[in-house]
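Down below is the structure, laid out as structure tokens.
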Amino acid sequence: IVLITLAILPLAIMVSMSQFTRSSYVTKVGVPYEQPVPFSHEHHVTELGIDCRYCHTSVEVSSNAGYPSTHTCMSCHSQIWTNSPLLEPVRESYIKNVPLKWTKLNKVPEFVYFNHSIHLNRGISCNNCHGPIQAMQMAY
């Protein structure tokens, strides 16, 4: 029993460590990150019907989807929710002309080149990689 245990133990350790490094505890898959503004994709996309490309303007022409500019946010929020405390960072960013610093949720390794525009122009949906982003209250 001791010999069998000594033979199986290294394999069991390797498998358990492999499972741990791929777990959502380490990869943070399914965990929403803290953002400067609590932005709801579910509200903006599903409820209001705003197309992804309205905010992520460079996704069809660039390798990077990009983040929305403060001017994009203020095109609506200069007229609605003008006194909301949740949108104070957006108003401050607009007044000072300093972009919001969004926390990046998806990052590929440095040696990987990924071009969003190629995939989008071939008809591959954002949901294939990012999951049902339009149904996420807080993106993860």
Side-chain angles (χ1 to χ4, degrees):
I1 293 177
V2 171
L3 290 175
I4 292 173
T5 303
L6 287 175
I8 294 175
L9 188 62
L11 181 61
I13 290 172
M14 287 178 10
V15 169
S16 62
M17 290 302 292
S18 173
Q19 292 300 312
F20 175 72
T21 59
R22 290 174 173 83
S23 71
S24 61
Y25 178 77
V26 174
T27 62
K28 305 290 188 216
V29 170
V31 177
Y33 286 24
E34 189 70 28
Q35 297 290 355
V37 179
F39 182 84
S40 170
H41 280 91
E42 180 182 33
H43 173 68
H44 288 84
V45 178
T46 303
E47 294 172 13
L48 299 177
I50 299 172
D51 189 80
C52 306
R53 295 167 290 196
Y54 181 75
C55 299
H56 299 281
T57 55
S58 64
V59 73
E60 291 182 306
V61 295
S62 173
S63 63
N64 193 335
Y67 297 107
S69 70
T70 306
H71 295 296
T72 302
C73 302
M74 289 302 286
S75 65
C76 295
H77 288 294
S78 64
Q79 300 166 33
I80 56 173
W81 296 95
T82 55
N83 295 323
S84 171
L86 292 175
L87 295 173
E88 183 57 35
V90 176
R91 289 191 295 273
E92 185 179 331
S93 167
Y94 185 73
I95 291 167
K96 293 182 178 179
N97 200 25
V98 175
L100 290 168
K101 294 189 191 269
W102 296 99
T103 303
K104 192 170 189 166
L105 298 178
N106 300 291
K107 185 176 185 312
V108 294
E110 295 296 322
F111 60 86
V112 174
Y113 175 72
F114 182 84
N115 190 321
H116 278 90
S117 65
I118 292 171
H119 292 84
L120 215 62
N121 292 327
R122 297 277 187 209
I124 297 173
S125 168
C126 305
N127 294 358
N128 287 8
C129 299
H130 297 285
I133 193 81
Q134 76 281 1
M136 294 180 189
Q137 184 65 322
M138 299 302 291
Y140 53 86

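Residues L120 and C126 approach most closely at CD1-SG, 4.0 Å, considering heavy atoms. Across all non-hydrogen atoms, the minimal contact from S58 to A65 is OG-O, 3.0 Å. The two residues P36 and P89 come nearest to each other via the heavy atoms O-CG, 3.5 Å. Here the closest non-hydrogen pair linking I1 and T5 is O-OG1, 2.7 Å.
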Check: residues 7-22 side-chain donor-acceptor pairs under 3.5 Å, at least two apart:
{"from": "S16", "atom 1": "OG", "to": "A12", "atom 2": "O", "distance (Å)": "3.1"}
{"from": "S16", "atom 1": "OG", "to": "I13", "atom 2": "O", "distance (Å)": "3.0"}
{"from": "S18", "atom 1": "OG", "to": "R22", "atom 2": "NH1", "distance (Å)": "2.4"}
{"from": "T21", "atom 1": "OG1", "to": "M17", "atom 2": "O", "distance (Å)": "3.3"}
{"from": "T21", "atom 1": "OG1", "to": "S18", "atom 2": "O", "distance (Å)": "3.0"}
{"from": "R22", "atom 1": "NH1", "to": "S18", "atom 2": "O", "distance (Å)": "3.3"}

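The number of heavy-atom neighbours closer than 6.0 Å to CD of E47, taken from other residues, nucleotides and ligands shown, is above 12. Applying the 6.0 Å contact sphere to CG of L6 captures more than 12 heavy atoms from other residues, nucleotides or ligands. Within a 6.0 Å sphere centred on CG of N83, other residues, nucleotides and ligands contribute 12 heavy atoms or fewer.
Contact check for S63 versus H116: no side-chain heavy atoms found under the 4.5 Å cut-off. Counting heavy atoms from C-beta on, the side chains of T70 and K96 never come closer than 4.5 Å. Between T57 and S62, every side-chain heavy-atom pair lies at or beyond the 4.5 Å cut-off. You'll find the side chain of H130 stays beyond 4.5 Å of the side chain of L105, heavy atoms only.
A distance of 11.5 Å separates CG in L48 from OH in Y54, rounded to the nearest 0.5 Å. Separating the NE2 atom in H44 from the SG atom in C52 is a distance of 12.5 Å, to the nearest 0.5 Å. Considering CD of E42 and OG1 of T46, their distance stands at 6.0 Å, rounded to 0.5 Å. Between the CD1 atom of I50 and the SG atom of C76 there is a distance of 5.5 Å, given to the nearest 0.5 Å. Taking NE2 of H119 as the start and CG of N128 as the end, the distance is 9.5 Å to the nearest 0.5 Å. With values rounded to the nearest 0.5 angstrom, H41 atom NE2 is found 10.0 Å from M138 atom CE.
Membership of the apolar cluster around V90 extends to V37, F39, Y67, M74, I80, W81, L87, Y94, L100, W102, as traced through chained side-chain contacts below 4.5 Å between ILVMFWY residues.
One hydrophobic cluster, built from ILVMFWY side chains closer than 4.5 Å, holds both V108 and F111. Hydrophobic clustering (ILVMFWY, side-chain heavy atoms < 4.5 Å, transitive): Y140 and I133 are in one cluster.
The closest donor-acceptor contact from the side chain of N121 to the backbone of E60 lies under 3.5 Å. For the pair R91 (side chain) and T82 (backbone), a donor-acceptor distance under 3.5 Å is present. The backbone N or O of V98 lies less than 3.5 Å from a partner atom in the side chain of S93, making a donor-acceptor pair. T27 contributes a side-chain N or O that, together with a main-chain N or O of S23, makes up a donor-acceptor pair within less than 3.5 Å.
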Next item on the list: Decide side-chain contact (heavy atoms from CB on, under 4.5 Å) for E34 and T103; before the verdict, give the C-alpha distance in whole Å, the side-chain angles of both, and the deciding distance to 0.1 Å.
Entry: CA-CA 7 Å; E34 189 70 28; T103 303; 5.7 Å; no
Item checked: Step-by-step side chain to side chain donor-acceptor pair (under 3.5 Å) determination, S75 to T72 -> CA-CA 5 Å; S75 65; T72 302; over 6 Å; no
